[in-house]
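Just so you know, these numbers use all the heavy atoms, side chains as well, and skip hydrogens, waters and symmetry mates.
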Amino acid sequence: MAFGEQPAYLRVASDLREKIVNGSLPPHTRLPSQARIREEYGVSDTVALEARKVLMAEGLVEGRSGSGTYVRERPVPRRIARSGYRTRAGASPFRQEQTADGVRGTWESWSEQEGASGEIAERLGIEPGDRVMRTRYTFREAGEPMMLSTSWEPLAVTGRTPVMLPEEGPLGGCGVVERMAAIDVVVDNVAEQVGARPGLAEELLALGGVPGHVVMVIERTYYASGRPVETADVVVPADRFRIAYHLPVR
């Protein structure tokens, strides 16, 4: 193979991808069989199989047991707003952003105490094993799972206070800023770091995704005078949503 020349399986995958994108192979159409790909492109069975694997990994096609491989319906990505903090008493950021977009969102949550892992301890500026409150969320839009979140709060800050459980008590369901203010902790900034990775099996199961699909992960941490008081991982399916930031200019 000459320098810069693509391997055969990538050339085949690229041509099939183009046909999917331009509509020559519309959604729900059966992908040409391995034998047909071999004959049409003059390649081996191994190359044909690898090309199909590439398209499956990209989420463009899906296998149906006993039937073959079919072009997937390509969802139109929807927007998830991320914005600078807006003051509205009693509203979590998710609730604020959903209301601003004119949609109705719901969520389920589960909280439990645990010892902080090394990574979470570093993010919260505490020692590994220190007690934290972990809360897992599944966010839904019109009943469809759209986002997962896991947050951790150091019990050295919230323990034995009315806001120890994020979704219970007098401020249950409120945002971190309001909850911390109730115990005289003033949150003054938040940092977010966005990355992407293949979704874990349990994440994709909860989000209705396909194994191998990519998810975006927002690593968010709230600070009060330089001290981390909450950190979270927000997981969003990359094929169905886009993260949109609207930040104030100071």
- Test log, rule side-chain contact (heavy atoms from CB on, under 4.5 Å), inputs Val194 and Val217: CA-CA 6 Å; Val194 182; Val217 181; over 6 Å; no
- Query: Tell me, do Val235 and Leu207 make a side-chain contact under 4.5 Å, heavy atoms counted?
  - Reply: yes
- Item | CD/Glu122: more than 12 non-hydrogen atoms of other groups inside 6.0 Å | no
- Query: Linking I/L/V/M/F/W/Y whenever their side-chain heavy atoms sit closer than 4.5 Å, directly or via other members, would Val214 and Met146 fall into one cluster?
  - Reply: no
- Compare every heavy atom of Gln34 with every heavy atom of Arg52, then report the nearest pair and how far apart it is. NH1-N, 3.8 Å
- Message: Please find the pair of heavy atoms, one from Ile126 and one from Pro154, that lie closest to each other, and give the distance.
- Response: CG2-CB, 4.4 Å
- Query: Does the side chain of Ile243 come within less than 4.5 Å of Phe241's, by heavy atoms?
  - Reply: no
- What closest approach, in Å, do Val157 and Ile183 show between heavy atoms, and which atom pair accounts for it? O-CD1, 3.7 Å
- Message: Whether Lys19 and Asp15 form a salt bridge (side-chain N of Lys/Arg under 4.0 Å from carboxylate O of Asp/Glu) is what I want to check.
- Response: yes
- Is the shortest heavy-atom distance from the side chain of Glu108 to the side chain of Arg136 under 4.5 Å? no
- Sidechain N-carboxylate O distance under 4.0 Å for Arg36, Glu39: no
- Begin from the C-alpha positions of Leu148 and Val234 and carry the test side-chain contact (heavy atoms from CB on, under 4.5 Å) through to its verdict. CA-CA 6 Å; Leu148 305 175; Val234 181; over 6 Å; no
- Message: So Val71 and Leu60, do their side chains get closer than 4.5 Å, heavy atoms only?
- Response: no
- Item | Short N-O contact, Glu58 and Arg17, less than 4.0 angstrom | yes
- Task: Please answer whether the main-chain N or O of Ser225 pairs with a side-chain N or O of Asp188 as donor and acceptor at a distance below 3.5 Å.
- Result: yes
- Query: Taking side chain as C-beta onward, heavy atoms only, is Asp45 less than 4.5 Å from Glu50?
  - Reply: no
- Message: Tell me the closest heavy-atom pair linking Val229 and Met180, and the distance in Å.
- Response: O-CE, 3.6 Å
- Can you measure from CG (Leu165) to OG (Ser109) and round to the nearest 0.5 angstrom? 9.5 Å
- Message: For the CZ atom of Arg131 and the OG1 atom of Thr158, what is their distance to the nearest 0.5 Å?
- Response: 12.0 Å
- Task: Go through the side-chain N and O atoms of Glu167 and Trp110 and say whether any donor and acceptor fall under 3.5 Å apart.
- Result: no
- Message: Whether the side chain of Thr29 engages the backbone of Pro26 through a donor-acceptor N/O pair (distance < 3.5 Å, no angle test) should be reported.
- Response: yes
- Is the count of non-hydrogen atoms from other residues, nucleotides or ligands lying under 6.0 Å from Gln193 atom CD greater than 12? no
- Item | hydrophobic_cluster_shared for Ile20 and Leu10, side chain cutoff 4.5 Å | yes
- Message: Assess whether a salt bridge exists between Glu153 and Arg134, defined as any Lys/Arg side-chain N lying under 4.0 Å from an Asp/Glu carboxylate O.
- Response: no
- Query: For Trp152, does its backbone N or O pair with a side-chain atom of Arg123 as donor and acceptor, under 3.5 Å?
  - Reply: no
- Task: Indicate yes or no for a side-chain donor-acceptor contact from Arg179 to the backbone of Val163 under 3.5 Å, with no hydrogens or angles considered.
- Result: yes
- Query: For the atom pair OH (Tyr137) and OG (Ser151), what is the distance rounded to the nearest 0.5 Å?
  - Reply: 4.5 Å
- Item | Side-chain heavy-atom pair Thr221, Val190 within 4.5 angstrom cut-off | no
- Spacing of Ser111 atom OG and Glu168 atom CD [to the nearest 0.5 Å]: 7.0 Å
- Under 3.5 Å, side chain of Arg242 to main-chain N/O of Ala238, donor-acceptor pair present? yes
- Linking I/L/V/M/F/W/Y whenever their side-chain heavy atoms sit closer than 4.5 Å, directly or via other members, would Val185 and Val176 fall into one cluster? yes
- Query: Looking only at heavy atoms, what is the nearest atom pair of Pro162 and Pro170, with distance?
  - Reply: O-CD, 4.1 Å
- Taking the side chain as every heavy atom from C-beta outward, state whether Ile37 and Leu16 have any atom pair closer than 4.5 Å. yes
- Query: Mind checking whether Met164 and Met133 have side chains closer than 4.5 Å, heavy atoms only?
  - Reply: yes
- With a 4.0 Å cut-off, would you call Glu144 and Arg78 a salt bridge? yes
- For Gly199 and Leu204, the nearest pair of non-hydrogen atoms, with its separation, is O-CD1, 3.6 Å
- Message: Within this structure, what is the OG1-CG distance for the pair Thr69 and Leu55, rounded to the nearest 0.5 Å?
- Response: 9.5 Å
- Task: I would like to know whether Arg220 and Glu230 meet salt bridge (Lys or Arg N to Asp or Glu O under 4.0 Å); could you show each step before the answer?
- Result: CA-CA 8 Å; Arg220 181 197 70 207; Glu230 189 254 24; 2.6 Å; yes
- Counting N and O atoms only, with roles assigned by atom type, does the side chain of Thr231 sit under 3.5 Å from a partner on the main chain of Ile120, one being a donor and the other an acceptor? no
- Mind running side-chain contact (heavy atoms from CB on, under 4.5 Å) on His28 and Tyr70 for me, showing each step along the way? CA-CA 6 Å; His28 310 297; Tyr70 291 79; 5.6 Å; no
- Item | side-chain contact (heavy atoms from CB on, under 4.5 Å) assessment of Ile80 paired with Val236 | CA-CA 9 Å; Ile80 293 180; Val236 180; 3.6 Å; yes
- Any link between Met216 and Phe139 through a network of hydrophobic side chains (Ile, Leu, Val, Met, Phe, Trp, Tyr) touching at under 4.5 Å? yes
- Message: Is there a path of hydrophobic side-chain contacts, each under 4.5 Å between heavy atoms, that joins Tyr41 and Val61?
- Response: yes
